[in-house]
Amino acid sequence: MELRAFGRTGLNLSALSLGTMRCLQSPETVAAVLERAIAVGINHVETARGYGNSEVFLGRAIAAGGWRDRLVLTTKFLPGTAAAELDRQIDDSLTRLRVDHLDCVAVHGVNRADHLQWLRGETGGVAALLRARDDGRIGHLGFSSHGPLDIVQGAIATDWVEFANLHYHYFWQRNAPAVTQARDRGLGIFIISPADKGGQLYAPPDRLRDLCAPLDPLAIAYRFLLARPEITTLSTGPATPTELDAMVATLGEQTGPLTADEQAAIARLEQQHRTALGSDACGQCFACLPCPEAINIPEVLRLRNLAIAYDMDAYGRYRYGMFENAGHWFPGRRGDRCTDCGDCLPRCPHNLDIPALLRDTHDRLHQTFGRRLWG
Ligand code: SF4
Ligand code: SF4
């Protein structure tokens, strides 16, 4: 598998990284997935203290396989933690992973203004990370974010940050300026969840599949990202070695700029978007915000765009169901909270009837969950 420079860290990471959230059924599954990942050339493994037994199972597998020297390990810690507690957590993760240093550590979920203040050292806790980097327990420091663009850009501008774990996908390009900013600052760029959060592209609807044919929609999504040399690596979350093999096969051998076939598939997607949505297309400019009811207007209407243009209703229901259920990991309220106050209307350059489109989206995508899925 292609190795790519991880910004100015000096590390070279495989184009696909192994995320360990979905293979945690047993230590044996983690070991089997990890063994397969190494066999196909993956050298970067990502975990977090918050991923259940992930660190423990990974540590056991790495030690048993003798694989430490073949892997770059990243784990993540939550922002807002006091320095003494964070120092204890760093030592605890070293023990759980059975290693004497963590190659990369990301501050996990810099999503709000108070998280950014913490990252900038305004509340003291981050000193523990910087100390651990100085004394060799940590190699490189970065952050991940699911937050708004201004928070992401503030985090990228933080002077000690060496890499950024970002959401940026063909179907969600809001963070494009952040990717450029990260590149210009020499940061390594790790893209979070291009298959799942990027559109549930492991199970694409027929219309999307037809528009991309003969290429696979997930292959287009991967290549859209990796055609940019500044994007180092993409997360994968296989539950089994077989799923990992399918992801690697989808990635293929192609490197470098988009091919003519890939560009043609993207042009068909764009044409379909224009044709299907006509004058109702939300242009994702975010000018309508803020809404006094805290409705995440652009995200609601993005899901509507995708459902109408590409039949991505299942993905739309999955993401729409996260509104008001996932806290700062997926902020904002549902479309049916609109009170028709009209504040957003003069701000929309496309003159969209936003309240009507929000209600239409709610009717299309709302479903009742039997249990709460996101804490
Ligand atoms: S009209 Fe609805 S969506 Fe627009 S600002 Fe008012 S409450 Fe928010
Ligand atoms: S201002 Fe209009 S086009 Fe822009 S994000 Fe809001 S609804 Fe979409």
Side-chain angles (χ1 to χ4, degrees), residues 111-113 145-154 166-181 192-193 197-200 207-208 221 224 266-267 269-313 315-368:
N111 300 337
R112 296 188 314 222
S145 180
H146 301 236
L149 180 59
D150 60 327
I151 298 291
V152 174
Q153 294 194 292
L166 300 177
H167 279 285
Y168 173 65
H169 311 295
Y170 174 73
F171 293 115
W172 194 81
Q173 298 185 33
R174 173 68 173 164
N175 271 344
V179 171
T180 301
Q181 180 195 7
I192 304 166
S193 195
K197 309 290 190 307
Q200 287 192 328
R207 180 177 295 185
L208 185 57
F224 170 78
I266 288 174
L269 292 173
E270 290 172 354
Q271 178 60 40
Q272 167 66 9
H273 197 276
R274 282 191 293 274
T275 304
L277 287 151
S279 59
D280 281 351
C282 169
Q284 295 290 287
C285 66
F286 285 63
C288 46
L289 296 180
C291 161
E293 300 301 323
I295 297 167
N296 192 338
I297 302 170
E299 182 62 8
V300 172
L301 297 188
R302 181 183 78 96
L303 299 177
R304 182 179 184 276
N305 283 353
L306 297 180
I308 291 175
Y310 308 123
D311 291 348
M312 292 171 69
D313 300 68
Y315 171 70
R317 286 192 293 274
Y318 155 51
R319 297 300 274 173
Y320 195 84
M322 289 177 66
F323 287 124
E324 305 179 29
N325 276 311
H328 58 79
W329 297 96
F330 196 73
R333 299 176 75 212
R334 303 181 329 210
D336 63 328
R337 307 299 189 192
C338 178
T339 59
D340 289 291
C341 74
D343 284 8
C344 58
L345 297 177
R347 295 197 288 262
C348 179
H350 295 264
N351 296 315
L352 297 182
D353 185 349
I354 293 173
L357 295 176
L358 293 176
R359 278 189 280 275
D360 177 68
T361 311
H362 186 79
D363 291 345
R364 289 173 185 271
L365 301 180
H366 179 63
Q367 61 183 0
T368 306

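For reference, positions follow the sequence shown, starting with 1. One-based numbering, in listed order, for ligands and for the atoms of each.
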Q: What's the shortest distance from atom 6 (Fe) of ligand 1 to any protein heavy atom, and which residue and atom give it?
A: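 Sorting protein heavy atoms by distance from atom 6 (Fe) of ligand 1 puts C341 SG, 2.3 Å first.
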
Q: Using a heavy-atom cut-off of under 4.0 Å, does the side chain or the backbone of I354 touch ligand 2, or both, or neither?
A: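 Within the 4.0 Å criterion, I354 contacts ligand 2 through side-chain atoms alone.
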
Q: Would you say C291 has an N, O or S atom lying under 2.8 Å from atom 8 (Fe) of ligand 1?
A: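 True for C291.
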
Q: Determine yes or no for a side-chain-to-main-chain donor-acceptor pair under 3.5 angstrom, with N305 supplying the side chain and C282 the backbone.
A: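 Checking the backbone N and O of C282 against the side chain of N305, a donor-acceptor pair under 3.5 Å is found.
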
Q: For Q153, is there any backbone N or O sitting under 3.5 Å from a side-chain donor or acceptor partner on Q181?
A: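 Answer holds: yes.
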
Q: What's the shortest heavy-atom distance between R317 and Q367, and which atoms?
A: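 Closest pair (atom of R317, atom of Q367, distance): CD-OE1, 3.5 Å.
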
Q: Are any side-chain N or O atoms of D313 and backbone N or O atoms of R364, one a donor and one an acceptor, separated by less than 3.5 Å?
A: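 Answer holds: no.
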
Q: Does at least one non-hydrogen atom of P349 fall below 4.0 angstrom from an atom of ligand 2?
A: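 Distance cut 4.0 Å: P349 passes for ligand 2.
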
Q: Could you tell me whether Y310 and F171 have their ring centroids closer than 6.0 angstrom?
A: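 Centroid separation for Y310 and F171: below 6.0 Å.
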
Q: Within the side chain of R304, is there an N or O that forms a donor-acceptor pair under 3.5 Å with the backbone of L365?
A: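 Not at all, since once roles are kept as given, no pair shorter than 3.5 Å links the two residues.
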
Q: Between L289 and ligand 2, find which residue part has any heavy-atom pair under 4.0 Å and reply side chain, backbone, both or neither.
A: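 No part of L289 comes within reach of ligand 2.
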
Q: Within the 4.0 Å heavy-atom shell around E293, which atoms of ligand 1 are there?
A: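 In order of number, 7 (S).
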
Q: Which residue supplies the protein heavy atom nearest to atom 2 (Fe) of ligand 1, what is that atom called, and how far is it?
A: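 Atom 2 (Fe) of ligand 1 sits closest to the protein heavy atom C338 SG, 2.4 Å.
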
Q: May I ask you to identify the nearest protein heavy atom to atom 8 (Fe) of ligand 2, giving residue, atom name and distance to one decimal place in Å?
A: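 Going atom by atom, the protein heavy atom closest to atom 8 (Fe) of ligand 2 ends up being C282 SG, 2.3 Å.
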
Q: Considering heavy atoms of the protein only, find what lies nearest to atom 3 (S) of ligand 1 and give residue, atom and distance to 0.1 Å.
A: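 Answer, as residue, atom name and distance: L358 CD1, 3.5 Å.
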
Q: Is there a donor-acceptor contact under 3.5 Å from the side chain of R319 to the main chain of G199?
A: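 The answer is no, because no donor-acceptor pair under 3.5 Å joins these two groups.
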
Q: Please determine whether C348 has a backbone or side-chain N, O or S atom lying under 2.8 Å from atom 2 (Fe) of ligand 2.
A: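 It does: C348 brings an N, O or S atom closer than 2.8 Å to atom 2 (Fe) of ligand 2.
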
Q: At their closest point, which heavy atom of L303 faces which heavy atom of Y320, and how far apart are they?
A: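 Taking L303 first and Y320 second, the nearest heavy atoms are CD1-N, 3.7 Å.
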
Q: Which atoms of ligand 1 sit under 4.0 Å from any heavy atom of I297?
A: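 Here the atoms of ligand 1 in question are 3 (S).
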
Q: Are D353 and P355 side-chain neighbours, meaning at least one heavy-atom pair lies under 4.5 Å?
A: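 D353 reaches P355 side chain to side chain.
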
Q: Just need the protein heavy atom nearest to atom 4 (Fe) of ligand 2, so name the residue and atom and give the distance.
A: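 Going by distance alone, atom 4 (Fe) of ligand 2 is nearest to C285 SG, 2.3 Å.
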
Q: Is it true that D363 and R359 have a side-chain N and a carboxylate O under 4.0 angstrom from each other?
A: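 Answer for the salt bridge query: no.
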
Q: Which ligand 1 atoms are under 4.0 Å away from a heavy-atom of P292?
A: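 What qualifies from ligand 1 is 5 (S).
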
Q: Keeping R333 on the side-chain end and E293 on the backbone end, is there a donor-acceptor pair under 3.5 Å?
A: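 Confirmed, R333 side chain pairs with E293 backbone.
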
Q: Give the numbers and elements of all ligand 1 atoms closer than 4.0 Å to a heavy atom of G342.
A: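 Under 4.0 Å from G342, ligand 1 has these atoms: 1 (S), 6 (Fe).
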
Q: Under 4.0 Å from a heavy atom of C344: give me the atoms of ligand 1 that qualify, with their elements.
A: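 In order of numbering, the contacting atoms are 1 (S), 3 (S), 4 (Fe), 5 (S).
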
Q: Relative to the heavy atoms of H350, which atoms of ligand 2 are at a distance of less than 4.0 Å?
A: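 Near H350, meaning under 4.0 Å from one of its heavy atoms, ligand 2 has 3 (S).
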
Q: Identify, by atom number and element, the atoms of ligand 2 in contact range of F286, meaning under 4.0 Å from any of its heavy atoms.
A: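 Here the atoms of ligand 2 in question are 4 (Fe), 5 (S).
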
Q: Numbering the atoms of ligand 2 from 1, which are under 4.0 Å from a heavy atom of L301?
A: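 In order of numbering, the contacting atoms are 7 (S).
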
